[in-house]
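One structure is given below, encoded as structure tokens.
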Amino acid sequence: MAAPVPRLRFAPSPTGYLHVGGARTALFNWLYVKKFGGQFLLRIEDTDKARSTDESTRAIFDGLEWLGLLWDEEVVYQGANAERNRDDAYRMLANGTAYRCFCAQAELAERRAAAEASKDSFKYDRRCDRLAPSEVERRVAAGEPFTLRFRVPDGTTSWDDLVHSEIAFPNKDIEDFIILRADGTPIYNMAVVSDDIFMRITLVMRGDDHISNTPKQILLYRALGEPLPRFAHLPMIHGLDGKKLSKRHGATAVGDYQHLGILPGAMLNFLALLGWSPGHDIEVMTLPRMVELFDPAGLQKKAAIFDPKKLEWMNGQHLSLVPSADLAAIVTPALEAAGFTTAADLASRPDWYLALLDLLKVRARTIDDIVRQAGPFFLDEISYDADAVAKQWKDRPATAELLAAVRDALAPLSPWEPAAMEEALRMLAERFGFGEKAGRIFQPLRVALTGLGVSPGIFDVLLMLGRERAILRLDAAIARLGDSPGA
RNA sequence: GGCGGUAUCGUCUAGGGGACUAGGACACGGCCCUCUCAAGGCUGGAACACGGGUUCGAAUCCCGUUACCGCUACCA
């Protein structure tokens, strides 16, 4: 049998935001398609009108687009397929694999409650399947409402799961489940199967919370006489406490991480490692590299715990990896939002901007870190960090004197370049009797230049600031030191 | 309760009978580099859930126990 072209789908319900677990499911579906060829499709499961919102649908699109997980065909809205879903359900009624059930919802709930009270597990007793055909006809004619139930056959339903290998369910444990509501709308399993058939899905890859839906769905395919897709059930993602990831664990929406300054590539890389391993101790990967290395054999069976610390580390790795020219596209809006500069300003001095990014990105873990450290390079008026001032400007008169000497040593430098600066400042250190400990100049100078205790190397700071601005900063610092001792 | 799934350092994982004194990464500690902070290098502590088998030999195979997770709706 010739292998069909893989067609996979990601099928979220639009009831919240794009959850990191959903994003990871989408990623593995996408990786599979990119690795082996085929199509990655998106289906919005909006049949629960009460909970589905357009806003959530929008959030799913936004999240996937941000991650770069683009779908290959037009989005399918499950709600639009209700009619075809119903036709499929009626096909089963016609071919005898389903039957009408006239049991009232309230009555069913009562029987279920009674069974549970006596510690029995409830299973529909098929009473409506035993109704005489004439009786059924009479009740239908009388306009009695009914649902359609699937008649579960004897035997065992099993499949070869792509991640779990063989999984089997005795059919006796599956009740005759409803496939069509009294109002004619399909139940989840019916809609999924009907749509997956229609979309010609060849591999259903989803969270393993769907494992127990799978035998029911397989039975439906068979009843409909349709070929089975393959199934792959991915493990769940849990929070740090081992419980299912939820709001109280902090950020769980993909959009949250976007706003926290995480790079999409880092997010994808981190998510990929949660439930999959390429082996060979490989960890940091770009998306194309992940496609190259992807192999379903590396898929994990065990639920993974989401560790935000490792995500941050991963982001730092990607920050260093991404060319500054690419990074600029993401950092520029953030810099503008912080009120530091404008895109036009940055565009007017691209070399300087890229050099600045080169300096900042290696010591940042998030985009926010970069923005924070970038302040002194844009603002006219810097703010001074109290701790840094207290530590590096202890003896105020002596520091003022030192900084004045630094200013005088640097001001005449020509050209304005690091080697000359270093020579001048090291000579100054000798003169002040600091010997090899030039840090005694660099540190107070750093505070004067940036207001901070940490920054890129001092000569890089001087270079990026430019002579004029550096001298201005020094003057401001000297003046400040001369003022009230309160800093 | 029933059914199903899972089980290697705190966390993510490598491992698919001998190469295991169980490897890597995050986090944590130490050292080096060094003008600060990162980055980088070196380094320390830290795991095969338990009990039975199978086998000359088991982290790896089988069974049981335990724990955790999921499903158990005219939700998805």
Is the phosphate of B:C26, meaning OP1 or OP2, less than 4.0 Å from a side-chain N or O of A:Gln317?
no

Closest to the side chain of A:Lys310, out of B:A76, B:G5, B:A25, is B:A25

Under 4.0 Å between a side-chain N/O of A:Lys302 and OP1 or OP2 of B:U8, yes or no?
yes

- B:C26 OP1/OP2 closer than 4.0 Å to side-chain N/O of A:Arg365: no

Regarding the side chain of A:Pro170, the nearest nucleotide among B:A76, B:A27, B:G4 is B:G4

| query | So, is A:Thr47 close to the B:A76 phosphate, meaning a side-chain N or O under 4.0 Å from OP1 or OP2? | reply | yes

* Asked: Can you tell me if the side-chain N/O atoms of A:Arg440 get under 4.0 Å from OP1 or OP2 in B:C35?
  -> no

Worksheet item: Within the pair A:Arg112 and B:U72, is there a side-chain N or O less than 4.0 Å away from OP1 or OP2?
Response: no

Suppose we call two aromatic rings close when their centres sit under 6.0 Å apart. Are A:Phe270 and A:Phe306 close by that rule?
yes

Whole-Å distance, A:Lys216 NZ to B:C3 P, equals 15 Å

Practice task
Answer yes or no: is there an ion pair linking A:Arg126 with A:Asp176, defined by an N-O contact shorter than 4.0 Å?
Solution key: yes

Under 3.5 Å donor-acceptor, A:Arg206 side chain and A:Ile211 backbone = no

Picking from B:C74, B:A76, B:C35, the nucleotide nearest the side-chain atoms of A:Arg51 would be B:A76

Practice problem: May I ask you to evaluate whether A:His164 reaches the phosphate of B:U6, defined as a side-chain N or O under 4.0 Å from OP1 or OP2? | Solution: yes

I'd like to know if the side chain of A:Asp195 pairs up with that of A:Gln78 as donor and acceptor (distance under 3.5 Å, no hydrogens or angles considered).
yes

Below the 4.0 Å mark, does B:C35 have OP1 or OP2 next to a side-chain nitrogen or oxygen of A:Arg426? yes

